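One structure is given below, encoded as structure tokens.
Source: prediction; values computed, not measured.
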Amino acid sequence: MIYKFVFGFALSFLLATNISSNLPELGLNLFSSLNTVFPAGLQGVMLLLLRVSVGILFLLHGYPKITHLRQWADSLKMPLFLCFLSAASMVGGGICLILGLLTLLASLPILGSMVFAAYLHISQRKPFVARDPYLIPEGQYQGPLGKGEPPSWEKAFMYCVMLMAIAVLGPGAYSLDALIFGR
């Protein structure tokens, strides 16, 4: 089931971006993004802000997962190796996103992890947007530190949207990719 979902998602992404007609002219830029232009000015600053913010968030998400890999794999009931790949993509990809280095190659593995995270939440019938934790009756949702954020798949969805934007729009002019692959 998950393979059909990922395959359909990838196919629709390729068709939506019309990448197949642009592949020959991309060349080495395919390491950087699906876009061969590195915008500067306000657009470049906004891409820098998006890229660095997402990179920092994935460092913050990936570091605890990689340092407590066994507990995370056990809680998900997933093989340790797959959880390692996901956590390593978050840490390594986060660093690359912050630097703007190999941006497309950094974005895609994290995107795969986030698509799978959304799939897990959907298959467990979690809502897209959780109810406000302060409106939930006492005792129905308690985290280890008291009331917390109830599970939903909106965060994984939003990360997918941000990572697709970075992959398609590119890292911007203020990145190592622009320095290496820029014209």
Side-chain angles (χ1 to χ4, degrees), residues 1-3 5-6 9-10 13 31-33 46-136 138-169 171-172 174-177:
M1 177 68 182
I2 184 68
Y3 301 108
F5 178 77
V6 171
F9 183 82
F13 180 75
F31 290 118
S32 171
S33 72
M46 296 286 56
L47 287 170
L48 173 69
L49 180 63
L50 176 64
R51 197 185 74 238
V52 169
S53 300
V54 171
I56 290 170
L57 289 171
F58 277 108
L59 274 176
L60 294 174
H61 280 290
Y63 181 75
K65 287 176 175 66
I66 210 158
T67 56
H68 300 96
L69 197 56
R70 173 72 59 196
Q71 294 93 326
W72 184 49
D74 290 344
S75 72
L76 290 176
K77 298 177 180 69
M78 298 299 260
L80 190 67
F81 182 68
L82 291 179
C83 289
F84 171 76
L85 288 177
S86 178
S89 75
M90 290 181 199
V91 172
I95 292 168
C96 286
L97 286 175
I98 291 168
L99 297 173
L101 177 65
L102 305 175
T103 308
L104 180 62
L105 293 178
S107 299
L108 292 180
I110 304 171
L111 178 61
S113 291
M114 292 299 99
V115 167
F116 187 69
Y119 168 78
L120 287 177
H121 285 298
I122 292 168
S123 67
Q124 296 169 357
R125 301 188 194 284
K126 304 246 170 84
F128 177 61
V129 178
R131 292 181 58 196
D132 190 305
Y134 298 101
L135 299 177
I136 296 174
E138 192 63 36
Q140 282 192 5
Y141 182 76
Q142 293 283 346
L145 300 174
K147 280 193 176 187
E149 183 180 331
S152 68
W153 55 279
E154 71 175 294
K155 193 181 340 179
F157 173 78
M158 288 309 301
Y159 280 136
C160 287
V161 170
M162 290 186 280
L163 288 163
M164 285 188 295
I166 292 169
V168 172
L169 299 174
Y174 312 113
S175 66
L176 289 178
D177 282 345

Calculate, to the nearest 0.5 Å, the distance between atoms CG and CE belonging to Leu57 and Met158 respectively. 12.0 Å

Shortest non-hydrogen contact from Met114 toward Ala156: O-CB, 3.7 Å

What residues form a side-chain contact (heavy atoms from CB on, under 4.5 Å) with Leu99, not counting sequence neighbours? Ile95, Leu101, Leu176

Donor-acceptor list for residues 122-129 side chains, cut-off 3.5 Å, not counting sequence neighbours:
{"from": "Ser123", "atom 1": "OG", "to": "Tyr119", "atom 2": "O", "distance (Å)": "3.2"}
{"from": "Ser123", "atom 1": "OG", "to": "Leu120", "atom 2": "O", "distance (Å)": "2.9"}
{"from": "Gln124", "atom 1": "OE1", "to": "Lys126", "atom 2": "NZ", "distance (Å)": "2.6"}

With side chain to side chain donor-acceptor pair (under 3.5 Å) as the rule and sequence neighbours excluded, what pairs involving residues 87-101 come up? none

Determine which pairs satisfy side chain to side chain donor-acceptor pair (under 3.5 Å) with at least one residue from residues 92-102, sequence neighbours left out, and list them in order. none

Under the rule for side chain to side chain donor-acceptor pair (under 3.5 Å), what residues qualify as partners of Ser107, not counting sequence neighbours? none

Taking all atoms of both residues into account, what is the closest heavy-atom pair of Leu76 and Cys83, and its distance? CD1-SG, 4.3 Å

As an exercise, state the distance from OH of Tyr159 to CE of Met164, rounded to the nearest 0.5 Å. 15.0 Å

Could you measure the distance from the OG atom of Ser53 to the CG atom of Leu48? Nearest 0.5 Å is fine. 8.5 Å

Correct closest heavy-atom pair for Gly62 and Met90 would be CA-CB, 3.7 Å

Begin with the C-alpha distance, continue with both residues' side-chain angles, and end with the deciding distance and a verdict on side-chain contact (heavy atoms from CB on, under 4.5 Å) for Leu97 and Leu163. CA-CA 10 Å; Leu97 286 175; Leu163 288 163; 4.1 Å; yes

Distance in Å, Cys96 SG paired with Arg51 CZ, rounded so as to fall on 0.5 Å steps: 10.5 Å

Value for CG (Leu50) from CG (Leu169), rounded to nearest 0.5 Å, stands at 8.5 Å

What's the verdict on side-chain contact (heavy atoms from CB on, under 4.5 Å) for Val54 and Ile110, showing C-alpha distance, side-chain angles and the deciding distance? CA-CA 11 Å; Val54 171; Ile110 304 171; over 6 Å; no

Inter-residue atom distance Thr103.OG1 - Ile98.CD1, 0.5 Å rounding: 11.5 Å

Pairs under 3.5 angstrom only: tabulate donor-acceptor contacts from the side chains of residues 64-73 to other protein residues two or more places apart or in another chain.
{"from": "Lys65", "atom 1": "NZ", "to": "His61", "atom 2": "O", "distance (Å)": "3.4"}
{"from": "Thr67", "atom 1": "OG1", "to": "Tyr63", "atom 2": "O", "distance (Å)": "2.9"}
{"from": "Thr67", "atom 1": "OG1", "to": "Pro64", "atom 2": "O", "distance (Å)": "3.2"}
{"from": "His68", "atom 1": "ND1", "to": "Pro64", "atom 2": "O", "distance (Å)": "3.2"}

